[in-house]
Amino acid sequence: MVRGPRPMPQGQNKTPAIPYASALNPAQYQAVTHPGGPLLVIAGAGTGKTRTLVYRVAYLVEQGVDPRSILLLTFTRKAAQEMMERASQILDARCAMVAGGTFHSFANLILRRYGSHVGYPASFTIADRSDAEDILNLIRTDLGFHKDKARFPKKRALMNIISRAANCQMSVGQVLAQEYPQYEALEPEIEEIARTYARYKEERAIMDYDDLLTKCRDLLRDHPPVRQRLSWTYAHVLIDEFQDTNAVQAEIGAFLASEHGNIMAVGDDCQSIYSFRGADFRNIMDFPKRFPGSTVITLEENYRSTQPILSFTNAIIENAREKYSKRLFTKAEGGAKPIYTRPPSELAQALYVLQRIQTHLQEGVPPHQIAVLFRAGWHSNDLEVLLGKHGIAFVKYGGMKFIEAAHIKDVLAFLKATVNPADTISWHRILQLLEGVGPVTAKRLAENVKEKGLESLVSKSLGKRKYGQSLRILHDTMTQLTTGGEPVSQKIEAVLTAYQPLLEAKYDDAPKRIPDLRSLQLLAERYENLETLLADLTLESPEQALARENGPRHRKDHVVLSTIHSAKGLEWHTVFIIHLVDGHLPSSYSLHDEDAIEEERRLFYVAATRAKCHLYLVAPKVQGQASFYSLATGGPSRFLFEIGRLGKLVRRDDPEAA
DNA sequence: AATGTAAGGATTTTT
DNA sequence: TCCTTACATT
């Protein structure tokens, strides 16, 4: 690996347009003006991590680096977009040309171009999680292992095992030994399913989320000319949220930097919350080992939160079993202590939050500066109903996605099948919408289309079947879509025309679903290319796409509800953390494992550090007996109890007195 | 082979 | 509680 940084071209003006020294603190300044070569920035919560990246982009561009040769890898597309916007504001529009996105979206782009090197055509389709599970289910039934084995893992468990193996670079056997001892005896069978699954996808030009990363890594690893070209294309690689990248992502970053060593990673080990995706907070410390000669810079001055909030969040993370030392401080003084409250029930909790939101709104806090955070998507159900009833607009991030709704998936299956006729799992889905077509017929027809093309849908023998007529209509629609060069919006129109009668036949609540189809159509209008639309929908939650679509004006009228995972990197004036109860946070699924509990603590830390001025800690008393459904034990989160000076750090609020 | 029905079983978090 | 899966019926 060539470590010597490529000399950076000097800008024309001797005096830079941006006053870096006065806009940044010394540590930030050092990071922003780093001459080149590997750089690790350990940035505590609220220490200006994003600011540093934004200025770094502007600095590089100002130095004369071609913005298109800067690659900014972030956790969500939205984050990249916002950073580029901010950089454009402090410098100029050139910053909007920076190549940015998630690892997955970047890999998608690269594989569209170079996929042939790893056995994929440019027209491959992406299977989301439920598509992937459907494939596994087909294989599972096909191979029939469940017949003689009692308790053979279901599609969901199979997916978890296979995905874990991909993300952690382990074999199926290792994953089983480590996490699924109950299935260890089934290793050969599960291995076979995994192999069949891989082959199935390859033969049909389908990639799942994990393939995007691993195939991209394989491409860079096994094809030096491609690696070299890409490395020179991206002369500066910037990676945000590095604590949540897994080994495959880190390898991709390393390969991209292999020619020049200009890799900058920013992250905070205390905020690592994606171990289920194969991230390990300790990895961040391997950076200097992986890139000898690294510069390491730590940012410790917090600009986000008031002192009382910071004292509290410092106390949370103090109890972490293992962390790299770093103590956040702020120069700001004053501010209110976090408020701790125990509503008598979950409903009372929703009422309490509603009332406090109303008060803050009256005080003039803009709606979009108020957020309610929680561990799992359904934790906000009560609150959503209540907010709706009281006319308070909200947006929700995380949890059940638009794209996961069955009717949206149906439409996307049509579109995927036109882009990639070999996508049998999409065909499988479409065909089963027809009356009289079940799993067996669908499978046979799908394989026929893959082997012999669309015409196989209208063979003479099929015409006599009762679903012959439906097949003919389907065939005509799909033929028109594959051959015609009409714009995306027209294609969608054609799909909807064909789909609407099927939707009405299949779902009792069809009228409720139709508006969603219109939203999808609206969303698609600005796309010129169907492949891009499909990739975007699969790789970025449409909520985010819609939020961007509607523009900032629209977003400002809404209070934010979000899972803690989706709140990463964001901040609000007022933050509520609800369901702060043992069994919810920490989640009951993590209680058996110490590492998992540690991660839950970091999750709590991430949530609490989102707050700038007001932080509410809401721990409702759980009523009723613990059923399978409600596993919470009812006591306040252990993370509160373990803070010795809790009484000094928070103010108690008795909701009944209010 | 498709569809309807009853018992069984699992729930976080995301690209 | 709700969704999936296995089984029985058409």
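None of the values given here were measured: they were computed from a predicted structure. Proteins come first, then strands; the chains are lettered A, B, ... in the order of their sequence lines, and each starts at number 1.
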Counting only N and O atoms by type, is there a donor-acceptor contact under 3.5 Å from the side chain of [X] to the main-chain atoms of [Y]?
| X | Y | value |
| --- | --- | --- |
| A/D536 | A/L533 | no |
| A/Q243 | A/I284 | no |
| A/T441 | A/V437 | no |
| A/R429 | A/I425 | no |
| A/H584 | A/V581 | no |

Check: A/L539 side chain: which of C/dT5, B/dT13, B/dT15 is closest?
Finding: B/dT15
Check: With sugar-phosphate meaning primed atoms plus P, OP1 and OP2, does A/Y274 contact a base, only sugar-phosphate, or nothing at under 4.0 Å between heavy atoms?
Finding: sugar-phosphate
[N], OP1 or OP2 - any side-chain N/O from [X] closer than 4.0 Å?
| X | N | answer |
| --- | --- | --- |
| A/T563 | B/dT14 | yes |
| A/R277 | B/dT13 | no |
| A/S566 | B/dT14 | yes |

Rounded to whole Å, please give me the gap between [atom1] in [X] and [atom2] in [N].
| X | N | atom1 | atom2 | value |
| --- | --- | --- | --- | --- |
| A/F152 | C/dT5 | CZ | P | 13 Å |
| A/N137 | C/dT4 | CG | P | 10 Å |
| A/D595 | B/dT13 | CG | P | 21 Å |
| A/M159 | B/dT14 | CE | C1' | 13 Å |
| A/K396 | B/dT14 | NZ | P | 10 Å |
| A/E598 | B/dT13 | CD | P | 21 Å |
| A/E599 | B/dT14 | CD | P | 13 Å |
| A/R140 | C/dT4 | CZ | P | 13 Å |

Give every pair of a protein N or O atom and an N or O atom of nucleotides 1-8 of chain B that lie under 3.5 Å apart, one pair per line with the distance.
residue: B/dA2; atom: OP1; partner: A/G438; partner atom: N; Å: 2.8
residue: B/dA2; atom: OP1; partner: A/T441; partner atom: N; Å: 3.3
residue: B/dA2; atom: OP1; partner: A/T441; partner atom: OG1; Å: 2.2
residue: B/dA2; atom: OP2; partner: A/V440; partner atom: N; Å: 3.3
residue: B/dA2; atom: O5'; partner: A/G438; partner atom: N; Å: 3.4
residue: B/dT3; atom: OP1; partner: A/G436; partner atom: N; Å: 3.0

Next item on the list: Taking the six-membered ring for Trp and the full ring for Phe, Tyr or His, determine whether the centres of A/F639 and A/F641 are under 6.0 Å apart.
Entry: no
Next item on the list: Apply salt bridge (charged side-chain N to carboxylate O under 4.0 Å, His left out) to the pair A/K396 and A/E384, showing each step before the final yes or no.
Entry: CA-CA 9 Å; A/K396 183 175 174 181; A/E384 285 171 48; 2.9 Å; yes
Margin query: Quick test of the criterion, 5.5 Å between centres and less than 30° between planes. Is A/F276 stacked on B/dT13 or not?
Written below: yes
Check: Start at the 5' end of DNA chain B and walk down; is the nucleotide closest to A/S590 or to A/K154 reached first?
Finding: A/K154
